[in-house]
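Accompanying notes for the structure given below.
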2 protein chains.
Amino acid sequence: MDRPELALHQLHVFAVLAEELHFGRAAVRLGIAQPPLSQQIRRLEERVGHPLFARGPRGVSLTPAGRELLPAARRALDELAAGLDAARRIGSGTAGRLRVGFAASLALTVLPALLRSYRERYSQVDLEIREMTTAPQVAALHEGEIDVGLLREPPAAPDLDTRVILSEGFVAVLPSTHPLAAQRAVRVKQLAEEPFVLLPRAIGPTVHDRIVGLCRAAGFEPAIAQRAVEWQTVAALVEAGLGVSLAPASIRRIRLGGVAYRRIEPGTARTTVAIGWRRDDPNPLLLHFLEVAHDCFGSG
Amino acid sequence: MDRPELALHQLHVFAVLAEELHFGRAAVRLGIAQPPLSQQIRRLEERVGHPLFARGPRGVSLTPAGRELLPAARRALDELAAGLDAARRIGSGTAGRLRVGFAASLALTVLPALLRSYRERYSQVDLEIREMTTAPQVAALHEGEIDVGLLREPPAAPDLDTRVILSEGFVAVLPSTHPLAAQRAVRVKQLAEEPFVLLPRAIGPTVHDRIVGLCRAAGFEPAIAQRAVEWQTVAALVEAGLGVSLAPASIRRIRLGGVAYRRIEPGTARTTVAIGWRRDDPNPLLLHFLEVAHDCFGSG
DNA sequence: GCGGTCCATAGCGCCAGAGGTATCACACGG
DNA sequence: CCGTGTGATACCTCTGGCGCTATGGACCGC
């Protein structure tokens, strides 16, 4: 590509004059005096190599060469104005596309609140959310496949930054008719003989292993009677009496009439949810997303 | 439309850097040193208001804002390069559109030679030829409907310039078997008893009236036995024995085996063909057309 | 012929910015 | 730990060209 021969400024002047077809009026519209306008046009014509306007005593008219150049000039000006505008919107983070990965265990808890808040503030941003477990999220962040991830138990990765947005305990999920639901807190050991409803391990290996780990720490292997791919379904199955479950506390947001959530004892076990991103990612949308997350979940 | 905020030059620099993704190489391609390139990019980024490149130690990459601006910049640059090129071609008269009016009596004589010569030299010019008699041509020139006209017996019009490209006598058109074809020249009077083949007056009133005038000057009213809208047809009808004709000498270019063209006496009557154009027309195609006409038909 | 309209020309002041050189800061690899 | 390659920074020069005012010159209508 050759160096551009024309100045955009002159093309603008040209376009205005081509509309007015009158040096005086065009100069007024441009906010300059008439002689400078004449100069600009002359300079442009010199660069083009041919006259663009035919000067008459009753105003001016375009020459064929001018008629040919005009649409190109207009398109170029519009193109740039639009492109610049779009670039600025993206640069300022008020528009663009943000690809968000999330762990399945967050699909009905932190994710909706976060996305809703974000959408409210940045309605022009195209959010692309993708469900994936923690390890693939880390890989996808590295590959640039996603811009931000919502991770359970964030691993430390060299090029990634993470911020914990939620640290929560576990709760027992019980049918409200269950005897244990009468207690304010449930000892994990008390669930030893109960059938369990859990997510398949493949969906959320991290949280799955934590839950199974809790049971083992209490001295039993949970008897998994039923699997369900969404926490909502897990809750529904518990409500239907198919079993009990242990889940991160944020599951409380799923409110079902026949389900009771009870603090467990010991309550020391906690699981963290973090937001992760490429440390060197300059994308302003990311910063905004982090801000929104901060506002949503405190200074976690 | 607002004043443009960017300099095309910077967009060019931007586009090159976006291709190379390396300040050093881009600077070489641009033929400048590296620091000025850094400055250009910085200036552009300042105007846009956001970084366009993410600088890394192993080269640079585009930010989302940069990715958004790049296609717009490229399109604008291409647009302008193409538009400028087209405008120059038109300005220099090597491309464009030229609307040519012509009198029917020239359709098979001067017109083809002229157009062929012109097309050879200016192959990119879009020639639009339109058959019309002299008076409408003059009007069409005034209206800007045509750019140049080929006129029989050009009238003097205030805003039009004309140049005679051909001044020719008349010839008798005879079947080659006709007794008069044995003579080298024919007196008009000798045609008094012959049936005539002529164009309808509406097609070429000027030349038609000149021919009828020749007969009257020789003392008779021509008996028009047949009309034909093209001179080629006239010649063919003469060949077929339907009559004789009088025609401008350039009709000789229509070569038919059974037709003889003979000089007439007295040979003083001449008809002129002129090229006409708007005096103030800046169209360079017109100048070229006049040049070609000059070369084709001498400095007449 | 005179004033009005319209564009071109001349000459001037001024500064944004393009380009240069020299040097720095940083990251990475041996 | 030091060389190498990357881009950034500092500082300088110089000029292109933008805009101004004042004036010229062509044309038109009254």
Side-chain angles (χ1 to χ4, degrees), chain A residues 2-63 66 158-159 278-282, chain B residues 2-63 66 77 158-159 278-280 282:
Chain A
D2 300 340
R3 19 165 51 87
E5 307 175 53
L6 306 178
L8 217 45
H9 187 237
Q10 291 172 339
L11 291 172
H12 176 229
V13 162
F14 167 64
V16 170
L17 179 56
E19 281 172 24
E20 296 291 340
L21 291 179
H22 185 287
F23 276 73
R25 285 195 301 273
V28 169
R29 250 185 69 180
L30 290 164
I32 62 175
Q34 169 262 316
L37 173 57
S38 285
Q39 284 187 25
Q40 294 287 14
I41 297 298
R42 191 165 57 83
R43 261 192 268 274
L44 180 61
E45 288 177 329
E46 277 169 10
R47 295 204 184 178
V48 172
H50 308 281
L52 300 171
F53 291 98
R55 279 77 163 173
R58 323 185 69 67
V60 293
S61 59
L62 279 167
T63 62
D159 295 341
R278 282 183 298 281
R279 182 167 300 146
D280 62 349
D281 192 338
Chain B
D2 300 340
R3 18 167 51 86
E5 307 175 53
L6 306 178
L8 265 192
H9 186 238
Q10 292 172 340
L11 291 172
H12 176 227
V13 163
F14 166 63
V16 171
L17 179 57
E19 281 172 24
E20 297 290 341
L21 291 178
H22 186 287
F23 276 74
R25 285 195 300 274
V28 169
R29 250 184 70 182
L30 290 165
I32 62 175
Q34 170 262 317
L37 173 58
S38 285
Q39 285 187 25
Q40 295 286 16
I41 296 298
R42 191 164 57 84
R43 262 193 269 274
L44 180 61
E45 289 178 328
E46 276 169 11
R47 295 206 183 178
V48 172
H50 306 282
L52 300 171
F53 291 98
R55 278 79 163 171
R58 323 184 70 66
V60 294
S61 59
L62 279 168
T63 61
L77 288 167
D159 294 340
R278 282 183 298 282
R279 183 169 299 147
D280 62 350

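First the proteins, then the strands, lettered A, B, ... as listed; each starts at 1.
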With a cut-off of less than 4.0 Å, is there a side-chain N or O of A:R43 near OP1 or OP2 of D:dC18? yes
Under 4.0 Å between a side-chain N/O of B:Q40 and OP1 or OP2 of C:dA18, yes or no?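 True: B:Q40 side-chain N/O within range (under 4.0 Å) of C:dA18 OP1/OP2.
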Tell me: [atom1] of [X] to [atom2] of [N], nearest whole Å?
| X | N | atom1 | atom2 | answer |
| --- | --- | --- | --- | --- |
| A:L11 | D:dC18 | CG | C1' | 16 Å |
| A:L8 | D:dG17 | CG | P | 15 Å |
| B:L37 | C:dT21 | CG | C1' | 16 Å |
| A:L44 | D:dC18 | CG | C1' | 15 Å |

List for me each residue that meets side-chain hydrogen bond (donor to acceptor under 3.5 Å, both in side chains) alongside B:R42, sequence neighbours excluded, and say none if there are none.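 side-chain hydrogen bond (donor to acceptor under 3.5 Å, both in side chains) list for B:R42, sorted by chain: B:E46.
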Enumerate the protein-to-nucleotides 4-9 of chain C contacts in which both atoms are nitrogen or oxygen and the separation is below 3.5 Å.
unit_1 : atom_1 : unit_2 : atom_2 : d
C:dC6  : OP1    : A:H22  : NE2    : 3.4
C:dC7  : OP1    : A:F23  : N      : 3.3
C:dC7  : OP2    : A:F23  : N      : 3.3
C:dC7  : OP2    : A:G24  : N      : 3.3
C:dA8  : OP1    : A:R55  : NE     : 2.3
C:dA8  : OP1    : A:R55  : NH2    : 3.1
C:dA8  : OP2    : A:S38  : OG     : 2.7
C:dA8  : N7     : A:Q34  : NE2    : 3.1

Per B:H9 side chain, nearest of listed nucleotides D:dC18, C:dA18, D:dT21: C:dA18
Can you give the donor-acceptor pairs under 3.5 Å from side chains of residues 31-41 of chain A to other protein atoms, not counting sequence neighbours?
unit_1 : atom_1 : unit_2 : atom_2 : d
A:Q34  : NE2    : A:S38  : OG     : 3.1
A:Q39  : OE1    : A:R43  : NH2    : 3.1

Please figure out whether B:L17 or A:Q10 has its closest DNA chain D nucleotide nearer the 5' end.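 Residue closer to the 5' terminus by nearest nucleotide: B:L17.
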Can you list everything that forms a salt bridge (Lys or Arg N to Asp or Glu O under 4.0 Å) with A:E20? Sequence neighbours excluded, please. A:R25, A:R29
Sorted by chain and number, sequence neighbours left out, salt bridge (Lys or Arg N to Asp or Glu O under 4.0 Å) with A:R55 holds for A:E45
How about B:L44 and B:L52: do any of their side-chain heavy atoms sit closer than 4.5 Å? yes
Non-neighbouring partners of B:F53 that pass ring-ring contact (aromatic ring centres under 6.0 Å, His included), sequence neighbours left out: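 B:F14.
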